[in-house]
Every structure is written in structure tokens, then in C-alpha cells.
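Below, read A as the first sequence line, B as the second, and so on, with proteins coming before strands; counting in each chain starts at 1.
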2 protein chains.
Amino acid sequence: MPTSLPSDGIDKGGADAALFRPVRAGNAFEETVERVLQAIRLGVVRAGERLPSERELAVRLGVSRMTLREAIRSLQEAGYVESRRGRYGGTFVSEPARSARPVGAAPSAEELDDVLCLRTVLETGAAEAAANRTLAPQARRHLRACLDECAGSPGDAYRRTDSRLHLAIAEATAAPSLIAAVADVRTRLNAMLDAIPLLPPNIEHSNAQHTMIVNAILDGDPTVARRAMAEHVDGTAALLRGFLR
Amino acid sequence: MPTSLPSDGIDKGGADAALFRPVRAGNAFEETVERVLQAIRLGVVRAGERLPSERELAVRLGVSRMTLREAIRSLQEAGYVESRRGRYGGTFVSEPARSARPVGAAPSAEELDDVLCLRTVLETGAAEAAANRTLAPQARRHLRACLDECAGSPGDAYRRTDSRLHLAIAEATAAPSLIAAVADVRTRLNAMLDAIPLLPPNIEHSNAQHTMIVNAILDGDPTVARRAMAEHVDGTAALLRGFLR
DNA sequence: GTTCAAAGGATCCCATTCAGACCTTTGAGG
DNA sequence: CCTCAAAGGTCTGAATGGGATCCTTTGAAC
């Protein structure tokens, strides 16, 4: 019985699975594509905007320029970006003419629970942490701008502006690791949301909750901010569980 | 003025910094060393226990066996593990004879705030999420065992058993990503804790708080679990801020 | 004491990735 | 109109990493 060595047999309860998870999600090229795509899909760089120059972006992403260029080339071929040469050139995000919802495989129940749990922890925590800070005027404006943009978004842009708003809340915490974690969990969430329809009543409801959350943050009320975010997140969770199970 | 291109000038507030962060922290070898070291330092594999076989671990970490072997070899040379050949052999964690606190550079104020903010969000969230679940008897036993082991730890083992307990709380959420996130933030926290002394009164206080947290989780009281964890985490935060600023 | 399976140890070859240098394009400003 | 700086485009050699195969060691079971 190979699983009963003297040193085994102790409850590792998933901690070792978490620690001995893959060191890298894919090769450098794939991860670079994913990261740039993430920035586009989360609305951090919008249509018409320019990505950092290849040289700068390669340094920031910690990959060689060659690898970054290959990633950009495949994004070009997929219609996500366009490059222009010459001074004041660069790589620009294209208008999202692509429709045809990229129907991924339905997530497993474990994956769903995992994402929803992590999301609840991160986003309610971020809302509370943001409300605990005294925000700079610029940060307050940014938050409000994201809220307004999301509320006024047509259906086909809603996912992006919604993501951008949630990211803005994380940004208000001024904790880079938390921002990155929220961005990552949001990306996983969006992949799941792509598998279910976007219903107008849900949008209405979301917008009202967004307003509550942002107001609580701007008012510096962490308790309300957390509770409002918890309700908001629970709504999405119920929606997803309803459609995917 | 190169920063005032038509598409720039918009507030990116740190979101792009979070998204355009390095794709990989180092080369495969370095990351592999770090990961295995993390498992040892967090007490997930304890002295005398065996790591998974090279072939299995290489698959789980997503690196080639060659790379993993190089990582293990440097850990051998550093005295962390020993390998034995033959059937029923393997790579075993050594007794922690190493002392000589590895005095790293003092963390920057930004890094300190970042870690403490993320830690608060993750660990209070994990405590609440854990209390919301009905735990299997095995999970309950594991939690209690980690609590007892931590409470009975001598000073030189306290950091490890303390880490193990916090990880056990995350495990109780059954959300792999959350476990991994807690493990990572704990590793960063430990690096900072290594720079400050371990005081007996703090240990006493920690133990009392640990008991409160675990009891609340076992009783299924998320509100108390969160609040107790928040107090516990705030205590460490105050300690660190006091010593490092 | 022979056998055998499972573990670490070693080696090959090839794809990926990197670092750096260089070329080409382009528009603003002199 | 010319210059120049900054951007994308290209190339090459070296380093890294991965996949596969085989060897060696070891203790349990028969």
C-alpha cells in the first residue's frame, strides 16, 4: 500500500495541494498573452488607448521583448490590438468588433465554489479596506467615474465597465497585491459569467448595489461598504449557481 | 512630453501596475526552491516527513524533473532536506538545526502596508468563510490539533506551528485558491516577522486569540470568528509597525 | 536469497526564451 | 526640408527548461 508510508497518513487537508500547485501556469508566451488580454478585458486599457511600448512592457512583465512581441502578434491576429510604427506609434487596443461569445467549457462545481469563495473574501475585504482609508480627491473622482460609466453602459460593454469598477474599488485600498488578486479572481469570474446570459433586471439591481457600495466607501463607512458588497457578490453567486448547476 | 499622448493622461491608479506586474517571479529553478521551502517553513511537511517523489512533485509543480532535482540539490546543500535512494526512499525534511536567523533587508513601508492589508482581508475572510461551513469531523480534529500544537510550541518552533494553524483555518474553507493565497501572504509575513523579536507576552496573547478563533469556527459563528481574527491580525500589524518604523 | 517495484541519479536532444544589437518607420520641431 | 528621438521590426548566439530514456540503489515479499 504505497500511501501508508510512515511519514504519510497524516491529514494534509489540501494545504500541500495548495503549496505544490504548478509553479507556472504555462509558458512565458501564453502567460504574456493572458496578461495583456486581462488588461483589455478588464477595461484597464480601453479601445483606442495605447499599451506601454514594447520595451517598457517587456521589462514590467519580466519577459524578453521577443516573447512579448510574439504575444502581441497573436493578439493582433485575433483582432484585439493594432500596432503602428514610427515615433508616436505603438500598440493600440482595437474596437471590440469581436462578438461570438467565446463559449468555454462549463466550469466544474469545485472551480465555481473556489472562485466564488475567494471572490467574496477579496471583494468584501477590499470594500471594507477602501472605506477605511481617506481617499485622495483624484481617487474619489476615479471611483465615481467608474461608477457612472458602468451605470451608463450598454449591455455589450457592461462586463468590462463592471470589472473596471470593481477594480477601482480595489485600487482605492492602495495595496498592489490586493489589486492584483482582485483582478485575477475577476478574470476567472468573467470566464464563468460568459457562460450565462446578461439579464436587464440583474443589471438594474447591480447598478443600485454599486451605488450603495461606492457611497459607503466615499463616506468612509466600512461596515456598510462590506455589507453592501457582500450582498452584491452573493447576488452574482446565486445567479451563477442557478445557471451552472 | 512623452506622458501626454492622446490616449494617456487618464487615471490608471495602480490597476495597470497590478496587471503589468512580472509574469514570473524568477526562473523555474528559483521558483521551485521557493515553493518547496515554503512548504517546509509553513510546517506543511514537517521534520522527518517525506516530500512527494521527484516524479510526482515535478508533475504537480509543473516543472521538469531535472529542474526539480536541481532545486532539491540546493536545498540538500543548505541542510533543509536529505535524499535516500531505493524503494521506500525519497527526500526527507531534516531537523531544523539551522538557527542563525536569516536577516533579510528590512521591508519598505509600502511592502509592509501591502502585506498587512492583504493579510487582513484574506485571513479575516477565511475565518468567516470557515465558520460558515459545516466541517467534517476530520477537519475539526485537524483544526484542534493545529491549535494545540501551536499552543504547546517552544519559541523556536512557534512561527512554524503558528503558520500551520493559520493555514489550517484557510484549509477549512475548502477553497484551494484561498488556501494558496493565505499561504503566500503568510510567507511574506514570516519574512517580516523574522526581523523582529518574539516576545513571550505576545505569544500568550496570540494563543488566547487562536483559541477564540478556532472555537468560533467550530461553533459555526462567522461574526465572532471574523472579529477575533481581525483583532489577532491587528495585533501583529501593530507589532510590526512598531518595530519596523 | 531472488525478484521486483519504486525511488533517486544521470544523460541525451530539442524547443523555448533571453539578451543585445541593429534596422526601419514615422511625425514633431527646428 | 532636415534632423532626431521613439516607436515597432528583425536577427543571432547563448542560456534555460522540458521530455524521454536508461541506470542504480534499496527494502519488502515471496
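- In terms of modelled atom types and a separation under 3.5 Å, the side chain of Arg50(B) and the main chain of Gly90(B) share no donor-acceptor contact.
- Look at CZ on Arg73(B): it is 11 Å from C1' on dG9(C), rounded to the nearest Å.
- Contact check of residues 53-72 of chain A against DNA chain D (heavy atom, cut-off under 4.0 Å) returns Ser53(A), Glu54(A), Arg55(A), Arg65(A), Met66(A), Arg69(A).
- Each of Gly26(A) and Leu51(B) was matched to the nucleotide of DNA chain C holding its nearest heavy atom; the match closer to the 5' end belongs to Leu51(B).
- Put simply, CZ on Phe92(B) is 12 Å from C1' on dT26(D), counting in whole angstrom units.
- Note on ring orientation: taking the six-membered ring where Trp is involved, the planes of His210(B) and Tyr158(B) are parallel (angle under 30°, cut-offs 30° and 60°).
- One can place CZ of Arg87(A) at 15 Å from C1' of dC2(D), the figure rounded to the nearest angstrom.
- Close to dG17(D), at under 4.0 Å from its OP1 or OP2, lies no side-chain N or O of Asn27(A).
- Between Thr91(B) and the phosphate of dG8(C), there is a side-chain N or O to OP1/OP2 separation shorter than 4.0 Å.
- At a threshold of 4.0 Å, the pair Asp162(B)-Arg186(B) counts as salt-bridged, since one of the basic side-chain nitrogens sits closer than that to a carboxylate oxygen.
- Across all non-hydrogen atoms, the minimal contact from Leu122(B) to Ala181(B) is CD1-O, 3.7 Å.
- When the shell of 6.0 Å around CZ of Arg84(B) is examined, it contains 12 or fewer heavy atoms from other residues, nucleotides or ligands.
- Residue Arg84(B) contributes atom CZ, which lies 16 Å from atom C1' of dA28(D) at whole-angstrom precision.
- Taking atom CD on Glu82(B) and atom C1' on dA7(C), their separation rounds to 16 Å, with Å as the unit.
- Following rounding to the nearest Å, Glu31(B) (CD) and dG18(D) (C1') show an atom-to-atom distance of 16 Å.
- Judged purely by atom type and a 3.5 angstrom limit, Arg41(B) has no side-chain atom pairing as donor or acceptor with the backbone of Thr187(B).
- The side chain of Tyr88(A) lies closest to dG27(C), out of dT17(C), dG27(C), dG18(D).
- Ion pairing between a basic and an acidic side chain is recognised when a charged N comes within 4.0 Å of a carboxylate O; Arg160(A) and Glu149(A) show no such pairing.
- No hydrogens or angles were tested; on distance alone, a donor-acceptor pair under 3.5 Å links the side chain of Arg85(B) to the base of dT24(D).
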